[in-house]
Amino acid sequence: MVSKKKSLKQVMDFRLEKLESLLKNRINPYPPKFQPKHKSMNILSDYDNYEGLNVIVAGRIMALRKMGKASFVQLMDDEGKIQIFVRNNDIGDENYSNFKLLDIGDFIGVEGEVFKTKTGEITIKTHKLTILAKSIRPLPIVKEKDGQLFDSFTDKEQRYRKRHLDLILNPEVRETFQKRSKIISSIRNFFDNQGFLEVETPILQPIYGGANARPFTTHHNTLNQKLYLRIADELYLKRLIIGGFDRVYEIAKNFRNEGMDRNHNPEFTMLEFYWAYSDYEDCMNLVEQLFAHIAKKLDSFYLDWGDSKIDLTKKFHRKSFFELLSQATGHNLDDFDEKKIKLVCKENKIDMKDNANIGQMLDELMSSLVEPNLIEPTFVIDYPKLISPLAKLHRNGNPNIVERFELFIGGSEVANSFSELNDPLDQRTRLEEQSKLKELGDEEAQPIDEDFIQAVECGMPPTGGVGIGIDRLIMLLTGNRWIKDVILFPPLRT
RNA sequence: GACCCAGUAGCUCAGCUGGUAGAGCAGUGCCCUUUUAAGGCAUUGGCCGAAGGUUCAAAUCCUUCCUGGGUCACCA
């Protein structure tokens with residue numbers, strides 16, 4: 001890449017010259033290996049045991065304060081920053097003049113003695129300094145005093161496009177992704193311990209289903225066939241239940257060809273698990289246990305929420321869909337009276353299209369009047385059948401209600417679950433209704449998956465299933481408000 | 001998809017009632033052996049997101065486009 005920017009070229013040229021000088025001094029600027037033995041964090045947090053000790057650390061130079069024949073360096077390793085003291089007397093003229101060829105951004109290895117400077121900062125006095133990697137492109141400079149940042153690297157476009165810089169310069173970003181990793185491994189851990197089998201199902205699918213969304217399409221050359229990127233793994237996981245695996249889970253990337261905003265990304269991660277011989281009540285209990293488990297692994301049992309805290313370990317609330325709706329609107333809507341529902345929408349200034357059906361109106365009332373107020377963990381249970389094509393009819397005999405829950409925490413949806421529909425005749429009817437919607441132009445309705453229905457016809461045990469949006473869960477647990485901030489490389493136009 | 005905001009040096013930003021670009025940091029040179037937003041002196045660096053237009057004159061006004069952000073729409 002040829003840079004036309006003069007200023008940048010100038011800086012890079014100086015660095016290339018320094019690189020040349022190092023080579024001339026017979027120093028390999030990119031040696032094959034260096035073995036650090038200590039971490040900055042340990043030294044800083046356990047100074048009493050490190051004082052006077054010889055340590056070996058390695059990392060990237062983040063600040064350089066050169067003063068003639070002595071210098072201070074801020075060295076950053078993967079856990080923190082520590083100050084390095086480099087002095088002509090300690091390492092010799094030749095080494096010191098090579099040291100002076102270093103820049104912010106370079107990697108070095110340092111062997112030296114831990115001490116405190118006269119201002120009290122824990123520092124390593126260098127006996128031996130090894131250059132590990134010379135950088136030739138300058139890093140943005142962020143300075144800090146008493147916790148206040150100067151010139152911090154905050155431009156969102158830059159942060160997402162150059163995530164490596166974001167990770168170097170914004171410690172809370174690296175913490176978010178460390179936490180993300182921890183959360184996902186604790187989820188695996190939980191399901192493995194519960195006897196669930198982790199499986200992988202196709203991302204490239206000849207027919208998509210399991211959710212209502214527009215898919216991405218692609219083409220396989222050899223098969224000469226259209227393929228879709230999965231929008232959900234639900235139908236494949238159910239095939240596995242039918243196949244005799246009683247407990248399966250997958251942490252799957254799903255792809256939906258939709259707009260993006262604070263809560264939506266076209267590719268996102270979803271946990272789904274299916275559990276034979278269980279129902280949605282068992283699933284609620286298991287989800288509660290899962291949250292307690294994650295909280296324990298994170299060693300963080302509460303979420304900060306404004307002035308209050310959300311307790312993740314106590315029993316979650318359980319409230320029925322229509323109970324919440326009647327509290328919010330003052331009307332009982334469980335008689336599915338279209339006129340009344342329309343009126344309630346109007347009362348609450350909710351604009352609906354003229355052709356909106358009852359299901360869409362109920363859904364909209366819930367999401368505008370109820371869901372934002374569900375701050376404490378709350379299972380909303382017993383949904384209208386109209387908006388739940390894959391859930392089993394309620395055991396209480398009401399033909400309009402299904403056994404389904406959604407979990408809300410902090411006003412946003414975290415989990416969605418059903419007692420899965422395993423009646424093949426009912427399943428066929430409901431999927432046929434969906435495909436009719438599709439023919440009528442609903443681009444998000446599901447096409448009919450004959451193979452799946454045939455699999456259900458072979459007999460599927462009663463099963464509970466749950467989906468949890470991992471990205472949103474991580475937003476919740478890390479206090480991030482934008483989904484892009486919990487995805488390392490969010491998509492951007494090129 | 002609609003509307004609003006932003007894009008000026010490697011980074012963070014100022015300049016925008018039109019007169020042809022400025023600071024701090026980073027960089028470079030010199031000085032400096034306990035500094036910490038190190039300091040002192042000197043200094044380099046810009047087709048002001050792109051293309052058109054208005055004007056004697058445009059970073060500044062107008063139009064279109066590009067990129068990002070925000071709100072809404074769509075969507076679990």
Side-chain angles (χ1 to χ4, degrees), chain A residues 3-15 17-18 62-74 81-91 96 103-105 115-123 125 135-162 165 169 210-214 231-232 254 256-266 268 270 351 353 360 363-364 366-367 371 383 387-388 406-408 412-416 442-444 467-469 471-472 481-484 490-494:
Chain A
S3 173
K4 282 185 227 158
K5 309 271 183 170
K6 239 181 177 175
S7 162
L8 177 59
K9 186 178 187 309
Q10 203 178 49
V11 172
M12 292 183 67
D13 281 347
F14 277 118
R15 293 203 177 194
E17 276 172 28
K18 291 172 181 176
M62 293 303 288
L64 265 171
R65 295 184 280 277
K66 297 183 193 172
M67 304 164 295
K69 295 194 168 86
S71 302
F72 289 91
V73 175
Q74 280 293 334
K81 288 183 198 166
I82 191 162
Q83 181 167 264
I84 308 294
F85 181 51
V86 187
R87 193 163 58 166
N88 192 47
N89 282 3
D90 297 328
I91 63 168
Y96 196 79
D103 292 290
I104 290 170
F115 77 111
K116 264 187 189 167
T117 62
K118 67 181 183 189
T119 55
E121 176 150 355
I122 297 165
T123 303
K125 183 187 286 178
S135 71
I136 57 169
R137 184 177 291 274
L139 247 38
I141 306 293
V142 177
K143 300 217 174 190
E144 181 244 315
K145 187 191 187 181
D146 302 330
Q148 198 192 343
L149 292 179
F150 298 85
D151 303 336
S152 51
F153 186 70
T154 53
D155 184 275
K156 286 203 176 193
E157 181 170 2
Q158 295 250 58
R159 287 188 42 223
Y160 300 142
R161 283 194 196 279
K162 302 188 174 163
L165 296 179
L169 298 165
N212 293 332
R214 268 195 282 173
I231 58 171
N254 290 342
R256 299 188 183 174
N257 208 338
E258 292 161 355
M260 34 217 290
D261 60 31
R262 181 181 290 184
N263 292 307
H264 295 83
N265 198 63
F268 62 99
M270 177 94 126
D351 275 337
K353 286 178 193 153
Q360 288 168 324
D363 203 19
E364 187 55 41
M366 265 318 259
S367 43
E371 293 172 4
Y383 276 69
I387 53 176
S388 317
E406 290 195 3
L407 171 63
F408 290 85
S412 59
E413 183 205 329
V414 174
N416 183 19
D442 182 346
E443 286 185 277
E444 268 113 26
I468 296 180
D471 307 283
R472 290 187 190 170
R481 292 182 61 214
W482 282 271
I483 197 166
K484 278 182 176 162
L492 295 169
R493 228 183 285 253
T494 50

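Below, read A as the first sequence line, B as the second, and so on, with proteins coming before strands; counting in each chain starts at 1. Below, all heavy atoms of this structure are taken into account, side chains as well, without hydrogens, waters or symmetry copies. Since the structure is predicted, the reported quantities are computational estimates derived from the model, not experimental observations.
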Quick one: the side chain of Ser7(A) and the base of G46(B), do they pair up donor-acceptor inside 3.5 Å? no

I'd like the P distance from A58(B) over to C13(B), given in whole Å. 28 Å

Can you tell me the base-pairing partner of A58(B)? Count Watson-Crick or G-U wobble geometry only, both distances below 3.5 Å, and say none if there is no partner. none

Nearest 0.5 Å, please: how far is OG in Ser388(A) from CD in Glu406(A)? 8.0 Å

Checking all strands, does Tyr96(A) fall into the base, sugar-phosphate, or nothing category for heavy-atom contacts under 4.0 angstrom? nothing

Is Gln83(A) touching bases, backbone alone, or none of the nucleic acid, heavy atoms closer than 4.0 Å? base

Rounded to whole Å, how long is the line connecting atom CG of Leu8(A) with atom C1' of G45(B)? 11 Å

When the nearest nucleotide of RNA chain B is assigned to Arg262(A) and to Glu144(A) on a heavy-atom basis, which residue is associated with the more 5' position? Glu144(A)

At under 4.0 Å between heavy atoms, what does Glu121(A) touch on the DNA or RNA strands: base, sugar-phosphate, or nothing? base

Lys162(A) near the nucleic acid: base, sugar-phosphate alone, or nothing, with a heavy-atom cut-off under 4.0 Å? nothing

Heavy atoms, side chains only, cut-off 4.5 Å: are Pro138(A) and Arg15(A) in contact? yes

Gln83(A) vs Gln74(A), side-chain contact (heavy atoms from CB on, under 4.5 Å): CA-CA, chis, key distance, verdict: CA-CA 5 Å; Gln83(A) 181 167 264; Gln74(A) 280 293 334; 4.0 Å; yes

NA contact type, Lys116(A), heavy-atom cut-off 4.0 Å: base, sugar-phosphate, or nothing? nothing

side-chain contact (heavy atoms from CB on, under 4.5 Å) partner of Lys125(A), the single match among Asp90(A), Thr117(A), Ile91(A): Asp90(A)

Under 4.0 Å between any heavy atoms, over every strand shown, what does Arg161(A) touch: base, sugar-phosphate, or nothing? Just pick one. sugar-phosphate

Once you apply a heavy-atom cut-off of 4.0 Å, does Phe14(A) come out as touching a base, just sugar-phosphate, or nothing? sugar-phosphate

Under 4.0 Å between any heavy atoms, over every strand shown, what does Arg87(A) touch: base, sugar-phosphate, or nothing? Just pick one. base

Can you tell me if the side-chain N/O atoms of Lys143(A) get under 4.0 Å from OP1 or OP2 in A26(B)? yes

